[in-house]
S.K.: 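Okay, here's the structure, questions in a sec.
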Amino acid sequence: MPNEQRPQLERLYQDMAPRSLLPLWESLHALVPREPRSPALPWRWSYGEVRDYLMCAGDLISAEQAERRVLIMENPGLPGSSGITQSLYAGLQLILPGEVAPCHRHSQSALRFVLEGSGAYTALDGEKAVMEPFDLVLTPGGQWHDHGNPSDQPMIWLDGLDIPTVRLFDAGFAENLGASSHPETVGAGDTLARYGHNMRPIRGSVADRRPVNRPLFHYRHAEWRTALAAMASSAQIDPYLGHALEFLNPADGGPIMATISAHVRLLPAGFETKPRRSTDGTVFVVVGGEGEALLGDETIALAPRDVVVVPSWTALTLRARSELVLFAYSDKASQQALNLYREQNL
Ligand code: GTQ
């Protein structure tokens, strides 16, 4: 580089900056990296700690007043983003006995994964899903939803949403129904009966209430756990994943929502996976057991109900001390739709 080039270039950059122009050659490799280098950090939120703060919030603000009483789990590598990864959001929501979280709908799609309590519900378009620990309940974008807790115990669940994805596209709309709950449209469990058993209704002259392309919104722990245990007792274990089952949309066999995929895993006591990485930064919830997640030179201890985030393209090894059961969600659905997804067994 000739001596005078650098000051001349710097001068050019300064002159054109007010006109919103930048030289690509100074940032090309950051903009088009050879491989993903996420600013997100691997991180763990220990359930007991988050729960203490959440119960404090419960003393200070009602669910109705807060609309959603949630502690956001923001990735420390993504300050100000409210994201746990670049594309996804995670929070822990508390509903105390007798409370309701008012009815609204928005473009963002959400999943609920229950961590504590029993008998509270999420209602979707006026149909209640009564929730038990480790149930998965969906509120896909655009559908009315409200939450309530008629039980006598606090209910805590993880909210997983595609908030950063919708923000990326500047495509988010939201509205309140203006009532604390949606009028009941059908009894609890109606959709589960029709779509939750690998079957679907034959439509004659009676139209279905649920959207035909995404009808099911409740995946019960009792069922997924039974399926996972049966798989673990008979199937050959995958050395990179352990036993793994993905939650499906029964309409097409695809991921549960357009922007979010979810699965569960079981690792027998003493099992250690081989390292693997994938482009979908993933949020894990420990359902049961103890173990470790090894991420490069970092070791993250895993205990029941802890939440752990593994950023994109970070090699992950999972080690089970006792039988380890995990729930996980990621943006794999979005990435596959956009032809971006990659994974690598190491
Ligand atoms: O329950 O609709 O954690 O809209 C964040 C945004 C939960 C919800 C969150 C939301 C919700």
Side-chain angles (χ1 to χ4, degrees), residues 43 45 47 50-51 53-58 60-75 78 80-96 99-117 120-131 135-150 154-182 214 217-219 256-260 262 283 285 305 307 309 327 329-331:
W43 204 256
W45 288 263
Y47 183 68
V50 184
R51 185 187 192 283
Y53 289 114
L54 194 51
M55 297 310 282
C56 283
L60 297 175
I61 187 165
S62 70
E64 188 114 36
Q65 195 187 2
E67 289 187 56
R68 298 292 185 256
R69 191 202 288 114
V70 177
L71 297 186
I72 300 170
M73 291 182 278
E74 184 184 72
N75 191 297
L78 305 171
S81 71
S82 296
I84 192 163
T85 67
Q86 294 271 40
S87 61
L88 296 176
Y89 158 104
L92 285 198
Q93 179 157 180
L94 165 69
I95 306 215
L96 291 168
E99 286 191 319
V100 294
C103 191
H104 69 187
R105 67 176 174 183
H106 40 65
S107 312
Q108 290 80 3
S109 291
L111 62 78
R112 327 280 165 194
F113 190 69
V114 180
L115 293 176
E116 183 181 324
Y121 64 84
T122 287
L124 192 64
D125 286 334
E127 179 184 349
K128 284 179 181 148
V130 180
M131 294 150 85
D135 280 9
L136 171 65
V137 173
L138 311 182
T139 56
Q143 301 190 23
W144 292 109
H145 53 284
D146 52 88
H147 312 293
N149 184 359
M155 185 91 175
I156 298 177
W157 63 70
L158 176 130
D159 284 326
L161 285 90
D162 58 4
I163 287 172
T165 303
V166 175
R167 183 173 56 208
L168 172 69
F169 293 110
D170 283 336
F173 294 87
E175 61 185 310
N176 290 319
L177 184 64
S180 62
S181 55
H182 193 287
R214 202 173 297 287
F217 60 96
H218 193 180
Y219 300 76
I256 48 168
M257 291 189 286
T259 48
I260 306 179
V283 181
V285 182
R305 297 181 171 82
V307 176
V309 60
F327 167 80
Y329 70 98
S330 79
D331 63 8

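Order of listing sets the numbers, starting from 1, for every ligand and every atom in it.
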S.K.: Non-hydrogen atoms closer than 4.0 Å to ligand 1: which protein residues do they belong to? List them by chain and number, please.
M.R.: R68, V70, Y89, Q93, H104, H106, R112, H145, H147, D159, L161
S.K.: Check E127, H145, Q143 against F217 for a side chain to side chain contact (heavy atoms under 4.5 Å, CB included) and give me the one that passes.
M.R.: E127
S.K.: side-chain contact (heavy atoms from CB on, under 4.5 Å) between Y47 and L92: does it pass, once the steps are laid out?
M.R.: CA-CA 10 Å; Y47 183 68; L92 285 198; 4.0 Å; yes
S.K.: Checking D159 against W157: is there a side-chain donor and acceptor pair closer than 3.5 Å?
M.R.: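 Looking only at side-chain atoms, D159 and W157 do form a donor-acceptor pair, the distance falling under 3.5 Å.
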S.K.: Between E116 and R305, does any NZ, NE, NH1 or NH2 come within less than 4.0 Å of an OD or OE carboxylate oxygen?
M.R.: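 Salt bridge: no.
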S.K.: Applying side-chain contact (heavy atoms from CB on, under 4.5 Å), run through H106 and I163 and close with a yes or a no.
M.R.: CA-CA 10 Å; H106 40 65; I163 287 172; over 6 Å; no
S.K.: What about the rings of H182 and H104, do their centers lie closer together than 6.0 Å?
M.R.: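 No, the ring centres sit 6.0 Å or more apart.
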